[in-house]
Participant: 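My structure is below; once you've seen it, I'll send some questions.
Any value given below was found using the heavy atoms of this structure, including those in side chains, with hydrogens, waters and symmetry copies removed. In what follows, every chain begins at residue 1, and chains take the letters A, B, ... in the order their sequences are listed.
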Amino acid sequence: MTKVASVIHWFRLDLRLHDNLALRNAINEAENRKQILRPIYVIDPDIKNRVGCNRLRFLFQSLKNLDTSLRKINTRLYVIKGKAIECLPKLFDEWHVKFLTLQVDIDADLVKQDEVIEEFCEANNIFVVKRMQHTVYDFNSVVKKNNGSIPLTYQKFLSLVSDVQVKDIIQISKGVSDECKASDYDSQGYDIPSLEEFGVNESELSECKYPGGESEGLKRLDVYMAKKQWVCNFEKPKSSPNSIEPSTTVLSPYISHGCLSAKLFYHKLKQVENGSKHTLPPVSLMGQLMWREFYYTAGSGTENFDKMVGNSVCTQIPWKKNDAHLKAWAEGKTGYPFVDAIMRQLKQEGWIHHLARHMVACFLTRGDLWISWEEGAKVFEDFLLDYDWSLNAGNWMWLSASAFFYKYYRVYSPVAFGKKTDKDGLYIRKYVPELKKYPSEFIYEPWKAPKGVQKTAGCIIGEGYPNRIVDHDKVHKDNIQKMNAAYKVNKEKKAMKRPRQ
DNA sequence: ATTGTAGTTGGCTTG
DNA sequence: ACAAGCCAACTACAA
């Protein structure tokens, strides 16, 4: 007996139905050939080692929403537990797969995995369709246009894409026919597993401020795009890193998981800006989206983009290991209330404002602790809902003045920076509650409060709240000198590599 | 080739 | 309250 062949769409960072060309290709292929359609998601049992609880919850919510939407068009999500390179070849054989569609992703781990799967597909006569749909622009053609090298400045990137026509949004117009349904459609073996199964106790997680899923992402997009004035006047540097409610859109987790198409965001922004006076990149909302495109272009075109060693764009800096300091930073126990508040918000809610990321990233690296940006990037990977491989590495290099940004002597002050937008430290009082009762005068520098004030406020520094792990005023000046020395070495190395006239 | 200019978003002191 | 000037002087890109 001959088995009916299957068509697979493999969901990864494209957890949506709208603007998903690869998914539509799979549906059409199955329909045209009367084959079985199986949209799959592969989840590695070890995922907990790389993905923190909050992001895992976001992912599972997104999968649930995806499955619900797929069922509305008469198919479903098949969730497979295991490592893709081990379980997919077996399944492809069992399901008699002839056609596979997926999205191009650039995360180094996914790229490696894809190579293995594609090799298997080629050897087994499985036709693979890969679609570039995670970004507005095709980053490969941007690099090509720049004569094969990546643009190292944002403005250069903008000039490269200025005349590129952005493609329209793809929609799935009709449901899947019964002929394309598998006989195991109702099998619970492919249902979305529980978070508990992956070692997450949901009741121990903090309140869910940003629920995952395409529906939530689209809703959030609509809410913000309806505020025409707000969109047209948006200037990122003028938004506040320490407002109690986010001063920006928080669309990033939806875009990073692919719940929301970057291209849809682009077209909606164009629509809102059209005919009105509006702010421009780099500070505008469109500018924010273009930053993402910029880092994707840089990340896709650079070997070892997420590392210092072997990374051609990254200045080599002799960072030092200090596990105690790293731990204090990650847990929000540095003794600098603004830094600690940010790190605690990050851990609790999975999202912090972009400028808050600047503050803590500068503090960990060139500003105060002199610890490698790679260590910080790992902590962000764990905690951020909107974690994204290229944006994370790119921004960490920026803030540590390892690439893209070079004014290393501009150091964020953990005392002064937050005061600009939150004089009374309401943000600190929320996320570092042990300092809640401190007078505003001392809320950014509690160690300066006289013992009596500390007592009255109910928190002695060094007991209820840690002493500062470093003296910023002193250490940041030393670090500027160290950066200066590292830059000099770097320059000499570059000069030696340059061919002599 | 050399040089001028621009570059998402600083901190601190002085007026 | 806010703006100007200083700090010490980076790199990429274009001309």
Participant: A:Gln155 side chain N/O closer than 4.0 Å to the phosphate oxygens (OP1, OP2) of C:dA14?
Facilitator: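 False: A:Gln155 side-chain N/O out of range (4.0 Å or more) of C:dA14 OP1/OP2.
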Participant: Applying the ring pair (Phe, Tyr, Trp, His ring centres under 6.0 Å) criterion to A:Phe404, which one of A:Phe294, A:Trp396, A:Trp291, A:Phe157 satisfies it?
Facilitator: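 Single pass found, and it is A:Phe294.
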Participant: Is A:Glu381 paired with A:Lys378 through a side-chain N to carboxylate O contact shorter than 4.0 Å?
Facilitator: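 Looking at A:Lys378 and A:Glu381, the cut-off is not met.
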Participant: Salt-bridged, A:Lys430 to A:Asp422, with N to O below 4.0 Å?
Facilitator: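 Looking at A:Asp422 together with A:Lys430, the answer is no, because their closest N to O distance does not fall below 4.0 Å.
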Participant: At 4.0 Å (heavy atoms only), tell me whether A:Lys156 reaches a base, stays on the sugar-phosphate, or touches nothing.
Facilitator: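 A:Lys156: backbone/sugar contact only, no base atoms under 4.0 Å.
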Participant: Starting at CZ of A:Arg357 and ending at P of B:dG10, how long is that distance when rounded to a whole Å?
Facilitator: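 The distance from CZ of A:Arg357 to P of B:dG10 comes to 18 Å, rounded to the nearest Å.
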Participant: Evaluate the ring planes of A:Trp329 and A:Phe380, with Trp represented by its six-membered ring, and classify them as parallel (under 30°), tilted (30 to 60°) or perpendicular (over 60°).
Facilitator: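 Because their plane-to-plane angle is under 30°, the rings of A:Trp329 and A:Phe380 count as parallel.
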Participant: Roughly how many Å is it from CG in A:Asp473 to P in B:dG11, rounded to a whole number?
Facilitator: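 Rounded to whole Å, this separation is 12 Å.
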Participant: In whole angstrom, give the distance that lies between atom CE of A:Met286 and atom C1' of B:dT8.
Facilitator: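 So the CE-C1' distance, A:Met286 to B:dT8, works out to 16 Å.
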Participant: Nearest whole angstrom, please: distance from the C1' of C:dC2 to the NZ of A:Lys420.
Facilitator: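 For the pair A:Lys420 NZ and C:dC2 C1', the rounded distance is 14 Å.
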Participant: Along nucleotides 3-10 of chain C, 5' to 3', which nucleotides get a B, which get an S, and which get a -, given that the test is a protein heavy-atom distance under 4.0 Å?
Facilitator: ------SB
Participant: Classify A:Lys477 by what it touches in the nucleic acid, base, sugar-phosphate, or nothing, heavy-atom distance under 4.0 Å.
Facilitator: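 Answer is nothing: A:Lys477 stays at 4.0 Å or more from every strand.
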Participant: Test your reading of the model: is there a side-chain donor-acceptor pair from A:Glu293 to the backbone of A:Tyr137, 3.5 Å cut-off?
Facilitator: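 Present.
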Participant: Identify which nucleotide among B:dT8, B:dT9, C:dA12 has an atom closest to any side-chain atom of A:Tyr154, counting heavy atoms from C-beta outward.
Facilitator: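 Nearest listed nucleotide: B:dT8.
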Participant: Taking atom P of B:dT9 as reference, at what distance in whole Å does atom CG of A:Leu355 sit?
Facilitator: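 A:Leu355 atom CG is separated from B:dT9 atom P by 10 Å.
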Participant: Salt bridge check, A:Lys482 against A:Asp478: does any charged N sit closer than 4.0 Å to a carboxylate O?
Facilitator: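 No salt bridge links A:Asp478 with A:Lys482.
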Participant: Pick the nucleotide of DNA chain B nearest each of A:Met359 and A:Trp398; which residue has the one closer to the 5' end?
Facilitator: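 Whichever sits nearer the 5' end wins; that is A:Trp398.
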Participant: In whole Å, what separates the P atom of B:dT8 from that of C:dA8?
Facilitator: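 Looking at atom P only, B:dT8 and C:dA8 are 24 Å apart.
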Participant: When you check the gap from the basic side-chain N to the acidic O, do A:Glu245 and A:Lys209 get nearer than 4.0 Å?
Facilitator: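 Looking at A:Glu245 and A:Lys209, the cut-off is met.
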Participant: According to the ring pair (Phe, Tyr, Trp, His ring centres under 6.0 Å) rule, which pairs have a member within residues 211-233 of chain A, sequence neighbours left out?
Facilitator: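 For residues 211-233 of chain A: A:Tyr224-A:Trp230, A:Trp230-A:Phe234.
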Participant: Write down the distance between CG (A:Leu391) and P (B:dT8), rounded to a whole number of angstrom.
Facilitator: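 The distance from CG of A:Leu391 to P of B:dT8 comes to 15 Å, rounded to the nearest Å.
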Participant: Output the rounded distance in Å from CE (A:Met290) to C1' (B:dG7).
Facilitator: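 Taking CE of A:Met290 and C1' of B:dG7, I get 19 Å after rounding.
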Participant: How long is the line joining NE2 of A:His472 and C1' of B:dC12, in whole Å?
Facilitator: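 Whole-Å distance recorded here is 11 Å.
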Participant: With pairs defined as Watson-Crick or G-U wobble and both distances under 3.5 angstrom, please note down DNA chain B as a dot-bracket string, | for pairing with another strand.
Facilitator: .||||||..||||||
Participant: Could you check whether A:Glu235 gets within reach of a base, just the sugar-phosphate, or nothing at all, counting any heavy atom under 4.0 Å?
Facilitator: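 The answer is nothing, as A:Glu235 stays clear of every strand by at least 4.0 Å.
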Participant: State plainly whether the residues A:Arg357 and A:Asp386 are in salt-bridge range, i.e. N to O under 4.0 Å.
Facilitator: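 Counted as a salt bridge, because a side-chain N and a carboxylate O are separated by less than 4.0 Å.
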Participant: Contact class for A:Phe404 (heavy atom, under 4.0 Å): base, sugar-phosphate, or nothing?
Facilitator: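 Nothing, no heavy atom under 4.0 Å.
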Participant: Does A:Arg12 pair with A:Asp107 as a salt bridge, N-O distance under 4.0 Å?
Facilitator: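 The answer is no: the pair does not qualify as a salt bridge.
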